[in-house]
Structure formats: C-alpha cells, structure tokens
Amino acid sequence: MSTNEVVLRTLARVIPAINTSDGAGVRLRRSLGSGKDVRLDPFLMLDEFSSDNPGDYIAGFPAHPHRGFETVTYILDGHMRHEDHLGNQGDLQSGGVQWMTAGRGIIHSEMPQQLEGRMRGFQLWINLPATEKMKPAGYRDIQPEEIPVHALPAGGQVKIIAGTLETDDVKITGPIAGLSTDPLYIDVQLPPGASFSLRITRGLNAMAYVFEGQLKLSGADTLLATHSAAVLNDGDVAAFTAAEQGARFLVLAGRPLNEPVAQYGPFVMNTMAEIEQAVRDYQTGRLTA
Ligand code: FE
C-alpha cells in the first residue's frame with residue numbers, strides 16, 4: 001500500500017435536525033447540539049432557521065451572554081441587527097456572515113429587522129481551546145461581496161466563508177483563516193445529478209449539512225435527506241453527488257480540540273468550576289470586565 005493513497009471520507013453517522021425554539025421563541029432546526037454530547041469537536045451546535053412567517057422569528061434573540069466559544073451567523077435571506085455591550089452594531093444582510101468570538105464574555109442581541117418575508121440562515125457554535133476561552137471578545141461582519149464564489153465546471157457553485165476550498169482545479173481561501181481550530185465553512189449548490197469533491201485535511205473532523213434537496217455521499221447508498229447532518233469518517237477527500245432535484249449543503253470541517261467540554265446554556269468551558277465562575281461573573285456584572 002502506498003503512503004500517498006487518497007482515502008475517501010465515508011459516512012460515519014447521520015444526525016437529523018430536530019425542531020426546537022430558542023431566544024424569544026425563534027423556531028429553528030437543530031442538528032449538532034440537539035442532545036447532550038451531540039457535537040462534532042470543535043463544533044458545538046448548528047441551528048438552521050427558515051421561515052416565511054414573521055411570528056416564527058420576529059422576537060429574535062434579545063440581550064444574552066456568551067463565554068468560551070465563537071458564534072458564526074450566516075444569513076441566506078433576511079436582515080438581522082447585532083448590538084453588543086461594547087457598543088458594536090452590525091447589520092447582517094442576505095449572504096452576509098458575522099463571526100463573533102465571545103472569548104471571556106460578550107452580551108449581545110441578535111434581532112431580525114424585516115417585518116415580512118423569509119428569514120433563513122444558520123448559526124454555528126465553534127469551541128475555543130482552553131488557552132483562548134478568556135481572550136477579549138471580538139467580532140467581524142463579513143459582507144456578501146467579501147465571500148469568494150467558485151463556479152463549478154459541471155454547474156452549481158461554492159461560497160467559501162472560512163478556510164480553503166481545495167479541489168482538483170482550484171485553491172481558494174475565504175475571508176476567515178488562521179484560527180486555531182482551522183475551520184472550513186463552505187456553502188455548496190449542485191444541480192441535479194452533479195458531483196463535487198474537495199480535499200479535507202486528514203485529522204480534521206468534517207460534516208455536511210443538507211438544507212435543500214437531497215445528497216449522496218460517494219460510496220454510500222443512503223440519500224441524505226434535507227435538514228440532516230452527515231458526519232464523515234477521516235480521510236483526504238470528500239465526494240458528493242446531488243439527487244435528481246439538486247442539493248444545497250454546507251461542508252464544515254475543523255481541528256478537534258480534544259478537551260473536556262462543560263456547557264451551561266450560553267457558557268462553554270472545560271470544567272464545571274469555570275461554568276460556576278461564568279455564572280457568578282454574569283450575575284455580578286463582571287462577565288465582560
Ligand atoms: Fe448569541
């Protein structure tokens with residue numbers, strides 16, 4: 001056996017999204033984070049929100065704290081305003097991304113601005129290593145035009161939000177790079193029957209989340225249904241084929257931290273003592289100090 005043999009990443013398990021609500025009653029579909037220990041290190045949670053009914057989203061996420069991880073909000077359709085305790089204000093429009101590092105603490109609100117129409121997008125939580133959990137908070141608003149779009153030879157396209165898309169033809173790096181979890185975050189759209197494959201560094205944990213149509217992972221017989229996450233086994237290359245109605249899906253990959261996770265709501269630390277400290281800090285106004 002040759003040492004440079006390319007290993008295809010096969011299907012490890014499927015995590016169907018469950019319907020739930022969060023914030024002030026925002027209806028959403030949660031795959032990662034839908035149960036205790038339903039995570040893919042370093043990813044803690046993945047929510048998809050999608051509704052044409054303002055009653056499902058208009059109440060938004062009023063002021064709330066976070067400590068110890070990063071939140072990534074990707075808006076497909078709609079308009080959301082972000083405000084935090086530092087006085088930052090961000091406007092997220094269709095196609096835009098907010099990459100927020102809670103670090104030692106942030107108190108923010110995430111409020112839909114449109115009064116009608118469809119609100120659709122994702123929020124992903126990415127863990128921080130112990131050494132970075134208490135770093136100062138920060139965030140970056142990424143405008144749609146900052147996100148590279150790669151048109152695929154067989155039709156369809158890939159948007160590169162974080163990390164580097166590497167295929168046989170191209171190597172394209174998105175606006176977010178150089179983080180210690182080395183995240184890859186891409187949005188792939190495939191026409192009916194089209195195939196797409198990419199390189200994913202061995203040792204990174206990887207998954208796909210299907211949000212339109214259905215998808216087949218190369219070498220697997222099962223169709224991945226809409227609103228489900230497929231966790232991939234380790235390997236070098238992931239290959240996908242869209243079913244007859246086409247498919248749109250996220251591919252996420254990241255370097256596992258292999259550290260203990262202690263989570264209580266919006267606080268994600270390594271130990272319960274650190275969680276208790278976070279709760280005390282929040283109650284006494286020192287979360288962000
Ligand atoms: Fe939040």
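Both counts, for ligands and for their atoms, begin at 1 and track the order of listing. In this chain, residues are counted from 1 in sequence order.
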J.: Looking at His66, which of its N, O or S atoms is the nearest one to the Fe ion (ligand 1)?
T.: NE2
J.: Please work out the angle at the Fe ion (ligand 1) defined by atom OE1 of Glu110 on one side and atom NE2 of His108 on the other, rounded to 10°.
T.: 90°
J.: Any chance CZ of Arg27 has more than 12 other-residue heavy atoms, nucleotides or ligands included, within less than 6.0 Å?
T.: no
J.: Tell me whether the rings of His108 and His66 are parallel (<30°), tilted (30 to 60°) or perpendicular (>60°).
T.: perpendicular
J.: Restricting to N, O or S atoms, which atom of His64 is closest to the Fe ion (ligand 1)?
T.: NE2
J.: Is the closest side-chain donor-acceptor distance between Gln123 and Glu110 under 3.5 Å?
T.: yes
J.: Taking the six-membered ring for Trp, are His82 and Tyr139 parallel (under 30°), tilted (30 to 60°) or perpendicular (over 60°)?
T.: tilted
